[in-house]
There are 2 protein chains.
Amino acid sequence: MRFEQQLRDNGVQVTAQRLALMQAVASHPHATADDIAEEARAALGSISRQAVYDTLGMLVDKNLIRRIQPAGSAARYEDRVGDNHHHLICRTCSVMFDVDCAVGSAPCLVASDDHGFEVDEAEVIYWGRCSSCAAG
Amino acid sequence: MRFEQQLRDNGVQVTAQRLALMQAVASHPHATADDIAEEARAALGSISRQAVYDTLGMLVDKNLIRRIQPAGSAARYEDRVGDNHHHLICRTCSVMFDVDCAVGSAPCLVASDDHGFEVDEAEVIYWGRCSSCAAG
DNA sequence: TACGAATTCTGGACAGAGTCAAGTATTAGA
DNA sequence: TCTAATACTTGACTCTGTCCAGAATTCGTA
């Protein structure tokens with residue numbers, strides 16, 4: 001199974017909780033920790049909040065998933081990593097879409113003045129109103 | 001006084017609390033609501049938490065200040081508005097610098113595929129390590 | 001200068017998201 | 001199978017931020 005392999009490749013133990021959480025993230029991109037816990041709970045019967053946070057944090061560290069935390073919302077998670085894509089969020093209903101990087105592979109990384117930073121990510125969020133909210 | 005004028009221009013009442021909060025935001029860019037409350041408290045003697053949140057929210061609505069909410073941190077406020085600038089944040093120590101928009105006035109607003117959204121803002125955060133954290 | 005309605009501030013309770021710590025259970029290598 | 005290391009559970013707790021109702025302040029008008 002893919003998830004099990006990803007865990008082993010990263011040198012961490014394989015547990016039912018982790019597999020269920022990875023499955024939940026994969027099937028519900030942009031879900032919150034709570035949504036993911038709910039999903040995993042349906043598969044496992046129960047899982048503690050702490051296991052959810054620990055695991056999601058570990059997966060983010062291992063770069064197996066990505067955490068996005070838009071203003072005014074709990075953190076969200078997605079398993080699409082490594083392609084430097086961005087997000088489009090509706091201010092009214094909070095729907096979130098993926099948007100490919102307009103520029104290319106990772107050139108958004110270049111800031112006009114980097115103040116001596118070693119920049120490793122450029123997070124871009126486009127805020128606006130989705131077509132249905134704009135219409136309604 | 002500039003702040004008083006800004007409030008009157010926006011049709012809201014002028015109060016000691018508001019002036020102190022505006023002063024605090026201006027003198028401590030990128031401060032959290034709590035830092036700002038602390039600063040205002042030093043000037044006024046005391047101020048309720050609710051007044052702080054109400055006022056900051058109102059100032060953001062009136063576009064007199066801007067709220068930034070980086071992942072893993074409380075919301076921060078700054079009085080530099082209307083110039084579409086971005087931010088550079090250190091993952092280690094959380095220092096935050098302003099970065100001018102590399103492209104120009106507001107062209108970052110263009111997403112590669114806008115999914116029918118009416119986009120009004122492109123929020124860009126460069127994540128990395130500042131020179132002193134990278135050195136240490 | 002005083003009045004009064006509208007606006008704002010205070011204080012306290014409350015809620016959501018996430019963290020800490022200690023003890024128990026599970027995994028996986030020998 | 002045994003054991004050490006890793007992971008999970010439980011429950012208390014912190015930090016941001018919001019809700020509410022009543023008290024205080026602002027400011028246009030007389």
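From a predicted model like this one, the values you see are computed outputs, not experimental measurements. Letters A, B, ... are given to chains in the order of the sequence lines, protein chains preceding strands, and every chain is numbered from 1.
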*Shoot me the first and last contacting nucleotide of DNA chain D against chain A, ordered 5' to 3', at under 4.0 angstrom to non-hydrogen atoms.*
D/dT6 to D/dA12
_Stretch residues 16-31 of chain A: residues that reach within less than 4.0 Å of DNA chain D through a heavy atom_ = A/Q17, A/R18
*Can B/V25 and B/L56 be said to form a side-chain contact (heavy atoms from CB on, under 4.5 Å), step by step?*
CA-CA 9 Å; B/V25 172; B/L56 291 174; 4.0 Å; yes
*For A/S73, which residues count as a side-chain contact (heavy atoms from CB on, under 4.5 Å) partner, sequence neighbours excluded?*
A/P70, A/R76
*If you pin B/V14 and A/S48 to their nearest nucleotides in DNA chain D, which one's is more 5'?*
A/S48
*Residue pairs, two or more places apart or on separate chains, that pass side-chain hydrogen bond (donor to acceptor under 3.5 Å, both in side chains) and touch residues 51-66 of chain A*: A/Q50-A/D54
*Can you pull the contact range of chain A along DNA chain C, 5' to 3', using atoms under 4.0 angstrom from its heavy atoms?*
C/dA17 to C/dA28
*asked:* Could you work out, with salt bridge (charged side-chain N to carboxylate O under 4.0 Å, His left out) as the rule, every residue matching B/E118, not counting sequence neighbours?
replied: none
*Find out whether B/E123 and B/I68 are in side-chain contact, i.e. whether some heavy atom of one side chain is under 4.5 Å from a heavy atom of the other.*
yes
*Answer yes or no: is there a side-chain heavy-atom contact under 4.5 Å between A/V14 and A/L19?*
yes
Side-chain donor-acceptor contacts of residues 35-47 of chain A below 3.5 Å, not counting sequence neighbours, with atom names and distances?
residue : atom : partner : partner atom : Å
A/D35   : OD1  : A/T32   : OG1          : 3.4
A/D35   : OD2  : A/T32   : N            : 3.0
A/D35   : OD2  : A/T32   : OG1          : 3.0
A/R41   : NH2  : A/I47   : O            : 2.9

*Can you pull out how bent the helix from C/dT1-D/dA30 to C/dA30-D/dT1 is, comparing the axes over its first five and last five pairs, to 10°?*
30°
*List for me each residue that meets side-chain hydrogen bond (donor to acceptor under 3.5 Å, both in side chains) alongside A/R67, sequence neighbours excluded, and say none if there are none.*
A/Y77
Between side-chain atoms of residues 88-98 of chain B and protein atoms elsewhere (two or more places apart, or another chain), which donor-acceptor pairs fall under 3.5 Å?
residue : atom : partner : partner atom : Å
B/R91   : NE   : A/D120  : OD1          : 3.2
B/R91   : NE   : A/D120  : OD2          : 3.1
B/R91   : NH2  : A/D120  : OD1          : 2.6
B/R91   : NH2  : A/E121  : OE1          : 2.9
B/D98   : OD1  : B/H30   : NE2          : 2.9
B/D98   : OD1  : B/H85   : NE2          : 3.3
B/D98   : OD1  : B/H87   : NE2          : 3.1
B/D98   : OD2  : B/R80   : NH1          : 3.3

*asked:* Give me each pair satisfying salt bridge (Lys or Arg N to Asp or Glu O under 4.0 Å) with a member in residues 4-15 of chain A, each pair once, sequence neighbours excluded.
replied: A/E4-A/R8
*asked:* Expected output is a numbered-order residue list: members of residues 49-69 of chain B with a heavy atom under 4.0 Å from any atom of DNA chain C. What is it?
replied: B/R49, B/Q50, B/A51, B/T55
